[in-house]
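Written below as structure tokens is the structure these notes are about.
Just so you know, these numbers use all the heavy atoms, side chains as well, and skip hydrogens, waters and symmetry mates.
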Amino acid sequence: MATDTLKNSSTGAAGVRRLLLDNGALTALIVLVIAMSALSGDFLTTDNLLNVGVQAAVTAILAFGATFVIVSAGIDLSVGSVAALSATVLAWSATSHGVPVFLAVVLAVATGIVAGLVNGFLIAYGKLPSFIATLAMLSVGRGLALVISGGSPIAFPDSVSHLGDTLGGWLPVPVLVMILMGLIAAFVLGRTYIGRSMYAIGGNEEAARLSGLRVNRQKLAIYALSGLFAAVAGIVLAARLSSAQPQAANGYELDAIAAVVIGGASLAGGTGKASGTLIGALILAVLRNGLNLLNVSAFWQQVVIGVVIALAVLLDTVRRKAGATPVAAGASGGKGKQAGTYALAAVVTVALVAATSLLHTGSASGKPKIGLSLSTLNNPFFVQIRAGAQAEAKKQGVDLTVTDAQNDASQQANQLQNFTSSGLGAIIVNPVDSDAASNSVKSADKAGIPVVAVDRGVNNATTATLVASDNVAGGELAAKTIAEKLGGHGKIVILQGQAGTSAARERAQGFADGLKAYPGIQVVAQQPADFDRTKGLDVMSNLLQAHPDVQGVIAANDEMALGAIKALGSKAGSSVPVVGFDGTPDGLTAVKNGTLYASVAQQPSQLGKIAVDNALKAVKDQKIPSAIKVPVKVVTKDNVAGFTG
């Protein structure tokens, strides 16, 4: 009897071990959900769980398409760019050229399929490695999106924007689209000839060819499917943002590949399934959502996600060495067992999560809670806004959560959704894009959460107030400063900010208005450098090749101005004056050194301070003005010593 007991115990332990190895991604998802539920009382709410689904949708749809490619031992790095291009084609054709919305959607999907076919042709018949062919399409797709849109977001048709809405006021449409595309992917992989072909090609391409499979034709179809799924993902993403962003989905190809790998597929090909890919996408979404709720730095979030991807690949290696069952073509024998596993996992998760939820009973803090979503923390200007906001929050006894959108409008939409579902008292947003933030701000307003915009406004949505410098007046001051320095005559170039942002538009308008008073000033070139120092250096270096006789530079922020100074070398501050905008510490140091002639200085710390102060007033239902303008000032070498910022 004792021997039988030991034998049964041993068999049971081996069975549990086998179950965990065969369902590593599912196990990881369960552990994550339980951990986040224990750590954050805001995680386990209906609104937040729906947020997780919405935030996983675009990545999951892209990843379903990537699953086809990876199962066949290929790689597709172009899905993010193809998604942006397809959405741009839809918005451009429907709004700028009056194409009926249905046909515009067909055109967008066809764009994705054509991009996929080009990838497939280059790989199958051009014999290019999939990495190289799709890397080329990544660049081509992104470039075409920028060309078609002129570098600016295009408003999405209202009828298509409903894809970003909810059914019945609670069920998000993106989640439904994700489920539909997942079912299609599962059907293709498990029930069709092309699905079996994917596994055969991924397992051994030469053997598949010798067995009579037309490998080249199958590759065309595989990459076309990937392009189709990318197009659908692009449409869903643009619908969420109410606009087609030419820079949207930047880097999403890496998330898609990560979701597929985390879900149990092998980059060597031959294994993978749609359900695993969905679980992988949910893991990434739960991680980001939970880390946002826990106020973990966006920089550390990247580290955590990188570690998770590495662990997923290591787990896959361990699983294979331990003899775990691979998922191959038509693996239908274990479907009942698999369904049972998922049901058991759901029951265990619900039980454990219910237990952990007791940890948060009565744990609410008495401090007012405010969320601050910044467009980026890779720019000193926004770092100063954060510093001013944090100092004021500490002074006022406010619990301030700061997030970094990393110049990704979709990521910022996710962060704002997380803030809304967390039930914060108020939200402060510095939009990546003024149009793309509108839906998220509307959702917060609907939930009764006041929103304060800082530095940049939000279009088509109501905010409690806008705290910003007068960018138009600042642009006029910059134009006047450079024109007077040049004596009213000369050739200049203008480095523009990130397309689509209100700050870039308003400063450009100010430059143009200010230069009207100086007909002797000739603008020989205007190019965007996206408020980035490295891009400012590159763009200015290129412009100097075409215009070596340039006599002055206006940049829409100090970071681009500092890049231009680097490109100009010894000319900067001697023969070519450069005027920046913002009055950042590095910019003011350059003014002191004489390499930057002037900076139209804002007071970013004051912007952050005033934003928190007015958000707190909004929480207390106190009356605040609809706009608060913080004055700007031209700082030169003559007065920089007395400027405190």
Exercise: do N48 and S421 side chains pair donor with acceptor under 3.5 Å: yes
V232 and M178, any side-chain heavy atoms less than 4.5 Å apart: no
Any donor-acceptor N or O pair under 3.5 Å, side chains S78, D76: yes
Gap between atom CD1 of I283 and atom CG of L26 - 0.5 Å precision: 8.5 Å
Listed once per pair and sorted, the side chain to side chain donor-acceptor pair (under 3.5 Å) pairs that draw on residues 95-107, sequence neighbours left out: W92-H97
N407 and D530, any side-chain heavy atoms less than 4.5 Å apart: no
pair V188-I194: side-chain heavy atoms closer than 4.5 Å: yes
Heavy-atom closest pair, residues L77 and I257: CD2-CD1, 3.8 Å
Sequence neighbours excluded, every pair satisfying ring-ring contact (aromatic ring centres under 6.0 Å, His included) that has a member inside residues 40-63: none
Distance-minimising heavy-atom pair for A259 and A281: CB-N, 3.6 Å
For A437 against P431, the heavy-atom pair lying closest together: CB-CB, 4.1 Å
Any side-chain heavy-atom pair of I184 and F64 under 4.5 Å: no
Approximate separation, where rounding is to 0.5 Å, of L107 CG and S93 OG: 5.0 Å
Student check: side-chain heavy atoms of Y223 and Q218 closer than 4.5 Å: no
Closest contact, heavy atoms only, A108 versus A231: O-CB, 3.7 Å
Test side-chain contact (heavy atoms from CB on, under 4.5 Å) applied to T403 and F419, step by step: CA-CA 10 Å; T403 61; F419 283 161; 3.7 Å; yes
Any pair counted as ring-ring contact (aromatic ring centres under 6.0 Å, His included), so long as it reaches residues 224-252, sequence neighbours left out: F68-F229
Derivation and outcome, side-chain contact (heavy atoms from CB on, under 4.5 Å), residues L287 and V304: CA-CA 8 Å; L287 266 175; V304 171; 3.9 Å; yes
M137 side chain reached by S81 side chain, heavy atoms, under 4.5 Å: no
Selection residues 232-247 - residue pairs positive for side chain to side chain donor-acceptor pair (under 3.5 Å), sequence neighbours left out: R240-N414, R240-Q417, S242-N439, S243-Q245, Q245-D433
Test side-chain contact (heavy atoms from CB on, under 4.5 Å) applied to R217 and V215, step by step: CA-CA 6 Å; R217 288 190 182 182; V215 172; over 6 Å; no
Residue pairs, two or more places apart or on separate chains, that pass side chain to side chain donor-acceptor pair (under 3.5 Å) and touch residues 121-148: none
Atom pair CG (N289) and CE (M36), whose distance is rounded to the nearest 0.5 Å: 8.0 Å
side-chain contact (heavy atoms from CB on, under 4.5 Å) assessment of L225 paired with M198: CA-CA 12 Å; L225 279 170; M198 293 173 192; 3.9 Å; yes
Where I262 and G280 come nearest, the two heavy atoms and their spacing: CG2-CA, 3.9 Å
From NZ (K442) to OG1 (T420), nearest 0.5 Å: 14.0 Å
Qualifying side chain to side chain donor-acceptor pair (under 3.5 Å) pairs with a residue from residues 59-75, counting only residues at least two apart or across chains: T67-T277
Spacing of CD1 belonging to I123 relative to CG belonging to N216, to within rounding of 0.5 Å: 11.0 Å
Nearest atoms (heavy-atom pairs only) where A124 meets K219: CB-CB, 4.1 Å
Side chain to side chain, D435 and L241, heavy atoms closer than 4.5 Å: no
Heavy-atom check, side chain of T271 versus side chain of V71, under 4.5 Å: no
Interatomic spacing from CG in L237 to CD1 in I61 - rounded to 0.5 Å: 10.0 Å
Other residues, nucleotides, ligands: >12 heavy atoms within 6.0 Å of R214 CZ: no
Side-chain H-bond candidate by donor/acceptor type, Q415 with S373, under 3.5 Å: yes
Side chain Q406, main chain T376, donor-acceptor under 3.5 Å: no
